[in-house]
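Data first, discussion second: the structure below is written as structure tokens.
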Amino acid sequence: MRFFVLGDVSVDLLFFLERIPEPGEEIPSRRALMKPGGAGGTLAAQLASLGHRVYLAGRVGRDPFAELALSRVREVGVDLRHLQEDPEHTTSSVLILVVPGGERAMVSAEGASRYLDPALFKPRYLDGVDAVVLSAYALVGGPSRSYAVEVLEASRKRELPIFADLGTGAVRTAGAELLKYLRGATWLLMNQTELLALTKAASLSEGVARLRAEGFGNLAIKVGAMGSIVVTPEGEELLEPFPMEDIVDSTGAGDAYTAAFAHAILSGKRPLEAGRLANLAGALAATAFGAQGRLLRLEDLEVAARQV
């Protein structure tokens with residue numbers, strides 16, 4: 001399959017702490033790492049690792065961070081013909097504070113990712129593409145929003161499946177305005193926090209009902225230790241997680257979920273099958289350091305396939 005992926009390409013600065021420091025406090029880090037990240041880069045790397053042809057639309061600076069940010073996508077053969085280089089803004093970066101159990105807090109520097117030039121997108125870029133996977137961070141603002149809107153419009157005209165991954169930062173910044181741009185998306189993928197913030201609902205069921213009322217009938221909602229909920233017009237079901245004992249870092253787990261879900265749907269799997277495969281993918285991604293530390297392979301997903 002051929003995927004067009006749109007989203008941030010960044011460097012993640014990971015600090016592993018015993019706890020998140022209080023304001024004004026300084027605490028030591030048990031470990032510090034620099035890794036490639038960004039939703040767009042991670043989605044692209046995961047899909048390419050699963051054997052797909054992937055075209056990545058993103059923007060990086062002319063700086064040393066760019067090489068690191070692109071290291072994994074190059075390693076797995078992602079097509080970078082639509083990658084832009086920014087002469088003024090630095091490559092995007094994210095400071096990630098990781099505490100025991102893999103949970104994290106993040107501080108982002110948007111950088112070049114927000115300046116994706118829409119004038120450089122041509123609808124023909126989607127010729128021969130089987131699906132579009134979009135990170136909602138591209139819709140937060142700046143020129144990248146216009147680029148994303150053009151991609152979405154061209155995708156709808158071609159009746160391409162669109163998988164839209166929301167992202168906590170995107171929801172907190174743009175809120176329900178995201179839904180205006182995402183009309184017609186085939187699947188919305190999000191976590192529980194994003195669902196509640198997006199819909200201003202008091203419960204998951206209320207949030208799902210509000211999205212359904214807005215015309216979004218296909219949803220995949222990650223609910224942490226409970227697994228995920230897959231919603232279709234026919235109903236909804238909670239899918240149990242795949243427990244892993246060696247969880248070290250949840251950075252990128254949501255992107256792995258989205259990539260595996262899109263892979264499964266395009267491969268002809270039913271939504272519930274896709275959700276189970278995606279649960280496994282998210283768990284596996286959290287067993288390595290960094291968003292792209294554990295890339296998925298087809299044989300990884302066979303574990304879940306035998307249980308559906």
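In this structure a side-chain-to-backbone donor-acceptor pair under 3.5 Å is present from E194 to T168. At distances below 3.5 Å, not a single donor-acceptor pair connects side-chain atoms of S250 with backbone N or O atoms of A253.
One side chain, S228 or N279, offers a donor N or O that lies under 3.5 Å from an acceptor on the other. A donor and an acceptor atom, one from each side chain of T287 and D246, are nowhere located under 3.5 Å apart. One side chain, D249 or T251, offers a donor N or O that lies under 3.5 Å from an acceptor on the other.
In this view, R31 satisfies the salt bridge (charged side-chain N to carboxylate O under 4.0 Å, His left out) rule with no residue, not counting sequence neighbours. Every residue meeting the salt bridge (charged side-chain N to carboxylate O under 4.0 Å, His left out) condition with R53, not counting sequence neighbours, appears here in chain and number order: D79. Residues satisfying the salt bridge (charged side-chain N to carboxylate O under 4.0 Å, His left out) test with K200, not counting sequence neighbours, are none. For Y115, the ring-ring contact (aromatic ring centres under 6.0 Å, His included) partners at least two apart in sequence or on another chain are H89. Under the ring-ring contact (aromatic ring centres under 6.0 Å, His included) criterion, Y137 pairs with no residue at all, not counting sequence neighbours. F216 is linked by a ring-ring contact (aromatic ring centres under 6.0 Å, His included) to nothing, counting only residues two or more places apart in sequence or in another chain.
In summary, the aromatic rings of F121 and Y147 are positioned with their centroids under 6.0 Å apart. Taking the six-membered ring wherever Trp is involved, the centroid distance between the rings of F3 and F163 does not fall below 6.0 Å.
The shortest side-chain heavy-atom distance between Y181 and R145 falls under the 4.5 Å cut-off.
The pair R276-E237 meets the salt-bridge criterion, with a side-chain N (NZ, NE, NH1 or NH2) lying under 4.0 Å from an Asp/Glu carboxylate O. Using a cut-off of 4.0 Å between Lys/Arg side-chain N and Asp/Glu carboxylate O, D86 and R59 are scored as salt-bridged. Using a 4.0 Å cut-off between charged side-chain N and carboxylate O, E214 and R183 make a salt bridge. Using a cutoff of 4.0 Å between basic side-chain nitrogens and carboxylate oxygens, R156 and E153 are not scored as salt-bridged. We find that D165 and K222 are joined by a salt bridge, their nearest charged nitrogen and carboxylate oxygen being less than 4.0 Å apart.
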